[in-house]
Amino acid sequence: MAFEQEEILQITSKIERWFTKSAREFPWRNDDFPWGRLVCEFMAQQTQIDRVAQRWPIMLQRFPEPSSMAKSDEQGVLELWQGLGYYRRAKNLKKTAEIIASEFGGEVPSDIESLLQLPGVGKYTAGAIASIAFEKHAPIVDANVHRVLCRLCNHAGDPTPSTWTWQISELLVTSCNSPQLFNEGLMELGATVCTSKSPSCDDCPLQSCCGASKENTQRDIPPPKKRATKKRVYHYSVVAEHEGELAFEQRNDSGLWAGMWQVPTIDSDVKLTEAQVRKKLNLKNKLISIGEFEHVLSHRIISFSVFACKIERDRRFSWVKQDSLHELPLASAQRKVLAVHCVT
DNA sequence: CTCCGGTTAC
DNA sequence: GTAACCGGAG
């Protein structure tokens with residue numbers, strides 16, 4: 001795909017003008033600063049923007065700059081991340097804050113090389129921070145940008161961001177006037193106009209130069225991604241009570257729901273009986289079945305079975321009063337477990 | 001049950 | 001390269 005320089009300037013200026021008048025209101029757009037942008041980009045990875053908009057102000061109020069997060073403990077960050085999913089992002093954000101505090105004098109670095117050293121920062125996030133917070137002419141390709149650029153050039157075949165897309169993004173951002181307006185505008189256009197299904201081409205500032213619009217191929221570009229088949233697994237959770245307190249344990253540092261808390265739970269590839277669950281948890285009293293539900297993730301369907309029992313206060317677990325549960329970082333599936341037991 | 005989305009670990 | 005990682009909305 002070869003653009004004339006003239007076309008490049010047409011495209012970039014159209015997007016910058018369009019974004020200036022069409023940008024949606026978001027809290028981080030009121031006063032953009034590098035740390036706020038970094039937190040926003042971590043939260044927005046794989047997460048829809050409206051949920052980020054709810055959580056971002058709370059996170060920034062609690063951790064207004066990298067040093068305050070660096071000094072806090074990871075639990076506090078996980079607590080504010082509850083329900084957002086992909087909890088490794090919260091752990092990476094905490095580590096990133098520590099590195100910014102210790103290696104970069106408490107200031108978010110502005111160059112791509114430094115940004116890429118931060119855990120949880122890949123090519124997209126580095127480019128987003130460098131361009132949007134620091135007006136560097138750095139390319140970004142997220143799913144929105146990929147879709148817009150593939151359609152603009154009528155480029156079929158790549159289901160996800162590819163070398164091709166990064167080259168086009170680089171070509172355009174190099175010549176744009178404001179990398180902040182251009183890159184954010186490109187993403188905003190993909191999110192609101194050049195949408196995956198039924199794009200609003202009549203409202204698009206690029207309609208006159210869009211290859212897909214001309215050939216009417218928008219529907220097939222980009223092609224759909226292959227989705228993992230869902231494996232069914234079984235989780236057995238026991239709400240264990242002793243004098244108004246519930247037993248909790250922390251999940252592994254890696255894997256599913258990394259570092260989040262749960263009532264004592266057995267993860268299994270196969271179905272287990274009540275006796276097997278009791279034995280694996282080394283519990284004495286019979287477990288009373290109180291409910292079941294399914295929890296669907298991108299790559300698995302989890303059948304949850306929930307049990308209740310009374311047990312002695314056991315040092316293997318952390319004991320939490322029922323009115324203190326909100327202080328504990330819990331993933332959504334564990335909230336469903338507690339809802340079965342009628343505590344929330 | 002399908003769709004949507006960046007980074008990292010393997 | 002590819003699988004793992006999440007949750008809410010449709």
Side-chain angles (χ1 to χ4, degrees), chain A residues 37-55 78 80-96 99 112 115-130 132 138-148 150 158-163 165-166 169 183 186-188 190-192 194-199 219 222-233 235 251-262 267 269 293-304 329-337 339:
Chain A
R37 172 56 57 174
L38 185 148
V39 173
C40 173
E41 293 299 342
F42 269 70
M43 289 185 137
Q45 292 167 5
Q46 308 297 94
T47 299
Q48 282 160 3
I49 205 67
D50 289 335
R51 276 190 294 149
V52 178
Q54 295 173 358
R55 299 302 195 84
L78 282 174
L80 296 190
W81 208 272
Q82 287 181 82
L84 284 176
Y86 291 102
Y87 298 97
R88 195 157 45 192
R89 295 179 297 166
K91 299 160 79 69
N92 284 337
L93 178 60
K94 171 68 165 73
K95 285 187 208 134
T96 280
I99 294 170
I112 296 285
L115 287 164
L116 284 173
Q117 293 171 20
L118 304 170
V121 176
K123 204 174 176 197
Y124 162 76
T125 306
I129 296 168
I132 297 171
I140 57 168
V141 181
D142 71 347
N144 289 313
V145 173
H146 178 69
R147 187 170 56 249
V148 172
C150 286
D158 290 338
T160 52
S162 59
T163 307
T165 333
W166 280 97
S169 176
N183 275 349
L186 206 51
M187 288 194 287
E188 190 85 348
T192 63
C194 191
T195 52
S196 186
K197 289 170 199 159
S198 51
R219 200 172 52 96
K225 298 169 269 295
K226 294 190 191 77
R227 303 224 172 250
T229 51
K230 291 176 166 60
K231 182 184 176 186
R232 180 174 290 277
V233 296
H235 286 198
R251 289 186 67 89
N252 272 5
D253 212 37
S254 62
L256 188 67
W257 298 310
M260 300 297 277
W261 290 76
Q262 62 186 11
D267 302 1
D269 285 347
F293 62 87
E294 286 195 339
H295 191 76
V296 183
L297 304 175
S298 60
H299 58 309
R300 62 184 76 168
I301 302 173
I302 306 176
S303 293
F304 264 89
L330 299 173
S332 294
Q334 280 297 309
R335 300 218 163 274
K336 291 188 196 172
V337 167

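Order of the sequence lines fixes the chain letters, A, B, ..., with proteins taken first and strands second; residue numbering starts at 1 for each chain. A quick note: this is a predicted structure, and the numbers were derived from the prediction, not measured.
Whole-Å rounding puts the A/Tyr87 OH to C/dG7 C1' distance at 7 Å. Per the geometry, CD1 belonging to A/Ile302 stands 11 Å off C1' belonging to C/dC5, to the nearest Å. Per the geometry, CZ belonging to A/Arg55 stands 15 Å off P belonging to C/dC6, to the nearest Å. If you take CG of A/Asn252 and P of C/dC5, they are 11 Å apart, rounded to a whole angstrom. Put simply, CG on A/Leu78 is 16 Å from C1' on C/dG7, counting in whole angstrom units. Distance, A/Arg89 CZ to C/dC6 C1': 8 Å, rounded to whole Å. Counting to the nearest Å, the C1' atom of C/dG7 and the NE2 atom of A/His295 are 6 Å from each other. Taking atom CZ of A/Arg335 as the reference point, atom P of C/dC6 lies 16 Å away to the nearest angstrom.
Using a 4.0 Å cut-off, no side-chain N or O of A/His299 falls inside it from OP1 or OP2 of C/dA3. At C/dC5, one or more side-chain N or O atoms of A/Arg300 fall inside 4.0 Å of OP1 or OP2 (strictly under the cut-off). A close approach under 4.0 Å does not occur between any side-chain nitrogen or oxygen of A/Trp81 and OP1 or OP2 of C/dC6.
Remark: the backbone N or O of A/Gln262 is not paired with any side-chain donor or acceptor of A/Arg251 at under 3.5 angstrom.
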Could you list the donor-acceptor pairs under 3.5 angstrom formed between side-chain atoms of residues 41-49 of chain A and any protein atom two or more places apart in sequence or on another chain?
{"residue": "A/Glu41", "atom": "OE1", "partner": "A/Tyr124", "partner atom": "OH", "Å": "2.8"}
{"residue": "A/Glu41", "atom": "OE2", "partner": "A/Arg37", "partner atom": "NH1", "Å": "3.1"}
{"residue": "A/Gln45", "atom": "NE2", "partner": "A/Gly120", "partner atom": "O", "Å": "3.2"}
{"residue": "A/Gln45", "atom": "NE2", "partner": "A/Thr125", "partner atom": "OG1", "Å": "3.0"}
{"residue": "A/Thr47", "atom": "OG1", "partner": "A/Met43", "partner atom": "O", "Å": "3.4"}
{"residue": "A/Thr47", "atom": "OG1", "partner": "A/Gln45", "partner atom": "O", "Å": "3.3"}
{"residue": "A/Thr47", "atom": "OG1", "partner": "A/Arg89", "partner atom": "NH1", "Å": "2.9"}
{"residue": "A/Thr47", "atom": "OG1", "partner": "A/Arg89", "partner atom": "NH2", "Å": "3.1"}

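The two atoms that bring A/Asp158 and A/Pro223 nearest to each other are O-CD, 3.6 Å, heavy atoms only. Counting all heavy atoms, side chain and backbone alike, A/Val233 lies closest to A/Arg300 at CG2-CD, 4.0 Å. The two residues A/Val148 and A/Cys194 make their nearest non-hydrogen contact at CG2-CB, 3.8 Å.
Using cut-offs of 30° and 60° for the angle between ring planes, the A/Phe304 and A/His235 rings count as perpendicular.
At a cut-off of 3.5 Å, with distance as the only test, a side-chain donor of A/Arg232 or A/Ser303 sits close to an acceptor on the other residue.
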- Task: Do nucleotides 1-10 of chain B as a string where each nucleotide becomes B, S or -: B if the base has a protein heavy atom under 4.0 Å, S if just the sugar-phosphate does, - if no protein is that close.
- Result: SBSBBBSS--

